[in-house]
Amino acid sequence: MNIALRGVVFRVAVLVVAVATVAITAGLAAGSTSSPSRTSASSGTTVTVWTMEDSKAFTSLVANFTKQTGIKVNVEAIPWGNVNDKLTTAVASGNGPDLVQVGLSLLPTFVGAGALKNIKPYLAKHPELQSDNYLDGVAASKINPTGKVLSIPWVSDVRILFYRKDILAQAGISSPPKTWSEFYKDATKLATRGSGQYGLYIPQWDSALPVELTWQAGGAVQDKHGLVTFNTKAFKRAADFYISFYKSKLVPTASDFDQTQGFVSGASPMVISGPYLAGAINDAAPELKGKWGVALLPKDKTGTSLFAGSNMGVWYKSKHVNESLRLLDYLSKPKEQLTWFKLTSELPTVKAALSTKTLTADPMVRVYIKQLQDAQLLPPLVPAWGKISSTMLDALNSIVLKGADESSTLAQLNQQVAALQK
């Protein structure tokens, strides 16, 4: 999964688009049944989907949908790095897809641009798309503006702790750290192994980690009015903890340090990352099988993680809304969610899929699922979040990499964040 999905938000100009509510047709009603079937109204129609995934995998997933309904699916894979330009051009011209994958970190951009159709009027006829079918972390009320449903959960992602069992054992550490105190203590011990050896790796591009630490310290990054703020005791505690790993030289500072290679070589035997890293480790070093594992995030007051992933939304000018909703029905079935997991190792968002033995039989996946129960979204509907989060990360990096004064830098950060929301 690309870095963009893990927190980089592209900024585009806000374009207000008026979206008319369309009456549901008999063909849509037929498409909402548990087993989609062909209808004369939809058979032969082509639905275009923009996905940020491998187009071959998605095409394989929807092949049975076409067989069952006669609705063809044209899949266009958009690189994460091109989303900004693609979205800007499509909204300006009106020439977009019928269905589009939206990384949760990009949701404010798509919502602000008016790119997504409000499908709430249609949902009564689509039991597969009801909010209570999905994980609570992506409940409709948390990912949509009040009174609207602009997107449906698709895949989930969550941060967990990856650790090298063998290297921790050699250092006399019998189990992964469960608390902040243990985390720092273990990292300190691991960093004494010699030159070029560290306790863990902290990605310098990862603006989500300081937010996770703030949650774990018992705080929030939004005030009661919904404004983002880092001027809290919890964020200060999180920042101090974050900075302490650099002060004690427990993490690498090279900007080109590779988290997979660092983990495989043992230079950084702990890292907080998403399930996608498991596939990268297995591909790079299959010989390490059994020598590494995953664990829940270490706790301060809580062990709250980042809830990441992607949604699917109907394009605001789609001419095939009914067919697009039928495809969303299909994608939300537990069977298809599990098929996608087998194809890509991306976790379902549908609760019924997550509870199947297919997933729960795997000890590693059980950790992912358990961590999802204690995970939060980054502020999903704050238009300025992309700029705010990058400003926050720049401030922390200036402290840990350039030696900037912590007190004055954080004070300046708070002023900048306030100004960005005026």
Just do the side chain to side chain donor-acceptor pair (under 3.5 Å) check on T304 and T302 with the steps written out, would you? CA-CA 6 Å; T304 305; T302 74; 2.9 Å; yes
With no hydrogens and no angle check, is any side-chain donor or acceptor of [X] less than 3.5 Å from a backbone partner on [Y]?
X	Y	answer
Q130	L123	yes
E76	V49	no
N74	W50	no
S268	M270	no
D223	L227	yes
T89	K86	no
S60	K56	no
S318	W315	no
R366	T360	yes
D157	E346	no

Give the minimum heavy-atom separation between [X] and [Y], together with the two atoms involved.
X	Y	value
V47	S324	CG1-OG, 3.9 Å
Q337	W154	NE2-O, 3.1 Å
M52	I78	SD-O, 3.2 Å
L296	Q371	CA-OE1, 3.4 Å
E212	L297	OE2-CD1, 3.9 Å
A239	L410	CB-CD1, 4.3 Å

Please lay out, stage by stage, how Y330 and T69 fare under the test side chain to side chain donor-acceptor pair (under 3.5 Å). CA-CA 10 Å; Y330 176 85; T69 65; over 6 Å; no
Could you check T344, L343, L331 and say which one makes a side-chain contact (heavy atoms from CB on, under 4.5 Å) with F58? L331
Result of checking I119, N311, V102 against I152 for side-chain contact (heavy atoms from CB on, under 4.5 Å):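 So the option named by the test is I119.
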Can you establish whether the number of heavy atoms outside D166 located under 6.0 Å from its atom CG is more than 12?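 It does: D166 CG has more than 12 such atoms within range.
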Just checking K351: does its NZ atom have more than 12 heavy atoms from other residues, nucleotides or ligands closer to it than 6.0 angstrom? yes
Going by heavy atoms in the side chains, are [X] and [Y] under 4.5 Å from each other?
X	Y	value
M392	F235	yes
L104	S310	no
S156	L135	yes
F257	V251	no
D206	R159	yes
Q222	V382	yes
I272	F162	no
S131	V149	no

If you measure only the distance, is there a donor-acceptor pair under 3.5 Å linking the side chains of [X] and [Y]?
X	Y	value
D329	H126	yes
W180	Q216	yes
Y134	S332	yes

Could you measure the distance from the [atom1] atom of [X] to the [atom2] atom of [Y]? Nearest 0.5 Å is fine.
X	Y	atom1	atom2	value
T391	L396	OG1	CG	11.0 Å
D186	K178	CG	NZ	10.0 Å
L378	L107	CG	CG	11.5 Å
S305	L209	OG	CG	9.5 Å
I71	T45	CD1	OG1	6.5 Å
K120	N144	NZ	CG	9.5 Å

Check the pair T51, Q101 against side chain to side chain donor-acceptor pair (under 3.5 Å), reporting the backbone distance first and the verdict last. CA-CA 5 Å; T51 175; Q101 179 185 354; 3.0 Å; yes
For V314 and D98, run side-chain contact (heavy atoms from CB on, under 4.5 Å): C-alpha distance rounded to whole Å, both residues' side-chain angles, the deciding distance at 0.1 Å, then the answer. CA-CA 6 Å; V314 177; D98 296 296; 6.0 Å; no
Could you check Y242, F245, Y163 and say which one makes a ring-ring contact (aromatic ring centres under 6.0 Å, His included) with F183?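 It is F245; the other options fail the test.
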Would you check, one step at a time, whether the test side-chain contact (heavy atoms from CB on, under 4.5 Å) holds for S244 with Y184? CA-CA 9 Å; S244 69; Y184 182 82; 3.7 Å; yes
Would you call R237-D300 a salt bridge at under 4.0 Å N-O?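 Salt bridge flag = yes for D300 with R237.
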Indicate yes or no: does E406 engage K236 in a salt bridge with an N to O separation below 4.0 Å.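 A salt bridge links E406 with K236.
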Between Q373 and D136, is a side-chain contact (heavy atoms from CB on, under 4.5 Å) present by the stated rule, with each step listed? CA-CA 8 Å; Q373 310 312 310; D136 293 341; over 6 Å; no
F307 and Q376: side-chain contact (heavy atoms from CB on, under 4.5 Å), yes or no, with the steps? CA-CA 5 Å; F307 194 123; Q376 292 188 37; 5.7 Å; no
